[in-house]
Amino acid sequence: MSDFQDAGYQKTFRHTSAHILAHAVKRLFPGAKLAIGPAIENGFYYDFDRDEPFSVTELSQIEDEMKKIVRERLPIERFELDRAAARALMIEKDEPYKVELVDELPDDAVISFYRQGDFVDLCAGPHLEDTGAVKAFKLTQTAGAYWRGSEKNKMLHRIYGTSFPDKEQLKAYLAMVEEARKRDHNKLGRELGYFTTVDYIGQGLPILLPKGARVIQLLTRFVEDEEEHRGYQLTKTPYMAKSDLYKISGHWQHYREGMFIIGDPEQADTTEVLAMRPMTCPFQFQAYLTKTRSYRDLPIRYNETSTLFRNESSGEMHGLIRVRQFTISEGHLVVAPDQLEKEFRDCVDLARFMIDALGFQDDVSYRFSKWDPTNTAKYIGDAKQWDAVQDTMQVILDHMKLDYTTAIGEAAFYGPKLDIQIKNVFGKEDTLITIQIDFQLAERFGMEYADRDGEKKHPIVIHRTSIGCYERTLALLIEKYAGALPLWIAPEQVRVLPISEKHLDAAAELKERLVRAGFRVEVDNRDEKIGKKIREAQMEKVPYMLVLGDQEVADGTVAVRARKEGDLGAQTVDSLIERLREEVATRKNT
RNA sequence: GCCGAUGUGGCUCAGGGGUAGAGCAAUUCACUCGUAAUGAAUAGGUCGUGGGUUCGAUUCCCACCAUCGGCUCCA
């Protein structure tokens, strides 16, 4: 059964599990119509059309029925039909979604079906030989899901589940999910006091509490300093603009539903219509436009710690990962064509530098996001322009030997993107960083430079971020380190724990000394037992705890306790400072 | 926006048509403490918001808001 490690076998196993689920549902609820039921990363699902959603009780009834089907060890047989016969069979079975699927296959297709007992499903397979192997499974949740993934279609009822060859593996998996849940930034981040939300402020508008705000401040300084070293110039641009600006950029035509608009666009003749900015590009371009530019001025690299506002649909908000107001390490590079590749590479290099600094290097994947040529209305520019810029980007990516996947339809409306994705604790990927090549907006905004030959030319713009959006970065940090952020970025680096009230003065003095040395220090001055103070500092994931009692005060030392290593014994303050400095400088993850 | 679940003091949760409890946390006093959970006392909630039904609602109904899990969309 170690076959289960094999991805192909696992997929087959889960797919058969999905059929068992569908079989059970058809037995219990014959009126439910079958849609599709694939294997997915950690299990499987099946979509059903039914008037009522599945309740918790029904879910456990279905599980019981599935157990029966497994115990029956039903052989699974494949058979094939031509299209007409397949269609007839699905009509006879009264499965309209299956009929729709059959209709899309070519006329001469030979269509496969799988049968287990009285259950027959249109399916490409493959499947296990019988239903008996699926010894351990669990239906994990129900959810609504659109037929064929389009919001224009009917919403079906999806049942998610997972399955394993034996109970131990299922148990281990569920324990792992439980463990991941404890690291969920949305739970841990609130518990540890990084952020909160308030219902009368609104969705997607989190309050960053002192700890969260401090981490973001530290990250922002780090990013701005590094970018300055790399030749960026900082701008500060307005958070809103008249609709006129967005009409030039194309946001008004292509991104309007994503913007917060102030004023009534229907009354545009008499009322000034403003919109909060969803992106920084059109603002930062204005810096370029303040004077005439020569090829000698290029490349120009602008950066900005930029707060953006996007009117996401109400069901999309999630913790700090998906919000309506967020701050991004924004930047735009204005470059000549012969500078494009080098500058693009440098952007990737900067992104990697940041990823390494945060310790995310093992959780990264790259995605080349292209436009969708079948939905040209979503984008500005024509196919020729898109092909040209995508080819250019492809060449650069291939030169870099980046291992990337390609995603159709994920481009920005003005150009293709390289998305750098980070896996979170649940294995789900989110885009943290994106680097885009844009051949179009410079022309729209009339950005030019005089080239060597004296001709006015439009530059190319690289839109990029170096560390992504700070809120999301914070969320990923909390999950990655289970709240125990590396020392260099920990909101509270050291907590001084006086043993009794008579040590309070010494504690204050020690704090002062460490603060002057550049560390973030708090004193626990409550009248509590030392054990309790240590316990709480540990729960709050403070990297270093300094215990101060009679002996330490007499010796001029501190008893050091580290978050991970535990007791480090008595040290002089100077040697402690040296240790902390070293750890901060190397950005170690301890 | 769509489907579903949830919403009781800082946290975890109980309760239930007659205007609310427990544990932990907090505050005060005692204890002056070397790795949490001694003793005593105190404080804290218009039971998410707004309507409706009712003599009376936190408990029933409706709407809205927020949170969570998905779908769609996206940094």
Side-chain angles (χ1 to χ4, degrees), chain A residues 45 47 50 52-56 59 140-160 181 184 186-187 190-191 193 196-206 255 257-258 278-280 306 308 310-330 369 378 409-410 412 417 419-422 426 428 430-434 436 463-465 467-473 475-476 497-504 526-539 545 547-552 559 561 566-567:
Chain A
Y45 67 80
D47 286 346
R50 180 174 179 247
E52 293 295 305
F54 294 97
S55 68
V56 178
L59 222 53
T140 48
Q141 57 176 326
T142 60
Y146 297 108
W147 166 236
R148 320 207 103 180
S150 168
E151 59 185 330
K152 293 187 182 71
N153 292 336
K154 185 166 183 187
M155 180 154 283
L156 309 175
H157 300 294
R158 175 172 298 178
I159 298 178
Y160 283 96
R181 210 184 301 279
D184 183 355
N186 209 2
K187 184 165 164 48
R190 289 171 196 269
E191 282 171 5
T196 188
T197 49
V198 178
D199 57 4
Y200 45 82
I201 287 180
Q203 280 190 305
L205 299 168
Y255 205 80
E257 74 295 340
M279 296 174 194
T280 323
S306 179
L308 304 179
R310 296 188 187 175
N311 192 5
E312 306 288 356
S313 311
S314 59
E316 288 165 4
M317 262 63 76
H318 172 73
L320 293 177
I321 292 283
R322 199 70 189 280
V323 291
R324 281 183 166 154
Q325 176 189 319
F326 57 95
T327 300
I328 191 165
S329 53
E330 184 76 278
S369 295
K378 258 177 81 176
E410 295 288 339
K417 307 190 287 182
D419 290 322
I420 304 181
Q421 316 273 106
I422 310 281
F426 300 108
K428 209 182 214 184
D430 272 303
T431 303
L432 186 65
I433 294 172
T434 145
Q436 307 162 4
H463 305 239
R464 48 104 272 180
T465 159
I467 207 175
C469 120
Y470 289 100
E471 289 81 355
R472 185 172 283 188
T473 303
L476 291 167
L497 311 175
I499 283 185
S500 78
E501 282 185 6
K502 69 181 175 195
H503 307 113
L504 281 177
R526 296 170 310 155
D527 180 20
E528 291 291 351
K529 286 186 178 169
I530 187 65
K532 189 168 181 178
K533 290 183 179 182
I534 290 173
R535 175 77 179 180
E536 284 189 19
Q538 281 173 337
M539 293 209 305
M545 289 151 262
V547 177
L548 212 51
D550 288 339
Q551 199 180 330
E552 287 76 18
R561 194 182 170 88
D567 227 328

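Lettering of chains follows the sequences in order, A, B, ..., and the numbering in each one begins at 1. Side-chain atoms are counted along with the backbone in the values below, which use heavy atoms only and exclude waters and symmetry mates.
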Return yes if the base of B:C74 and the side-chain atoms of A:Asp430 contain a donor-acceptor N/O pair under 3.5 Å, otherwise no. no
Given 3.5 Å as the limit, does a donor-acceptor pair link the side chain of A:Lys533 with the main chain of A:Arg526, or not? yes
Between the base of B:A75 and the side chain of A:Gln436, is there a donor and acceptor pair under 3.5 angstrom? no
From B:U67, B:U72, B:U35, nucleotide with atom closest to A:Glu316 side chain: B:U72
Applying the Watson-Crick and G-U wobble criteria at under 3.5 Å, what pairs with B:C71? Answer none if nothing qualifies. B:G1
Taking CZ from A:Arg324 and P from B:G1, how many angstroms apart are they, rounded to a whole number? 7 Å
For B:A40, the nucleotide meeting Watson-Crick or G-U wobble distances (both under 3.5 Å) is B:U28
Short side-chain N/O contact from A:Ser314 to OP1 or OP2 of B:G1, under 4.0 Å: yes
Please assess A:Asp419 against A:Thr431 for the test side-chain hydrogen bond (donor to acceptor under 3.5 Å, both in side chains), listing each intermediate value before the final yes or no. CA-CA 6 Å; A:Asp419 290 322; A:Thr431 303; 4.6 Å; no
Donor-acceptor contact below 3.5 Å, side chain A:Arg472 vs main chain A:Ile321: yes
Can you check the A:Asp199 CG to B:C64 P distance for me, whole Å? 16 Å
Could you tell me whether the side chain of A:Gln203 and the main chain of A:Ser314 form a donor-acceptor pair under 3.5 Å? yes
Donor-acceptor pair, distance only, cut-off 3.5 Å: does the side chain of A:Ser329 make one with the backbone of A:Ile467? yes
Using a cut-off of less than 4.0 Å, is there contact between a side-chain N or O of A:Lys532 and OP1 or OP2 of B:G34? no
In whole angstroms, the gap separating P of B:C74 from CG of A:Leu320 amounts to 21 Å
Please confirm whether any donor atom in the side chain of A:Glu552 sits under 3.5 Å from an acceptor in the base of B:G34, or the reverse. yes
So which one's nearest nucleotide on RNA chain B is more toward 5', A:Phe54 or A:Tyr200? A:Phe54
Without decimals, in angstroms, what is the distance between A:Gln203 CD and B:U67 P? 5 Å
Take atom CG of A:Asn311 and atom C1' of B:C73, then tell me their distance rounded to the nearest Å. 12 Å
Can a donor-acceptor pair under 3.5 Å be found between the side-chain atoms of A:Tyr45 and the base atoms of B:G70? no
Value in whole Å for how far the C1' atom of B:G70 lies from CZ of A:Arg181: 13 Å
Gap in Å between the two C1' atoms, one belonging to B:A66 and one to B:U35, rounded: 41 Å
For B:A22, the Watson-Crick or wobble counterpart (both distances under 3.5 Å): B:U12
Nearest-Å distance for atom pair CE/P, residues A:Met545 and B:A36: 13 Å
B:A63 pairs with, by Watson-Crick or G-U criteria that keep both distances under 3.5 Å: B:U49
5' precedence on RNA chain B between A:Pro53 and A:Ser150 (nearest-nucleotide basis): A:Pro53
Between B:U72 atom P and A:Arg310 atom CZ, what is the distance in whole Å? 20 Å
Check each of A:Arg324, A:Arg310, A:Arg322 against A:Glu316 using the salt bridge (Lys or Arg N to Asp or Glu O under 4.0 Å) test, and report the only one that passes. A:Arg322
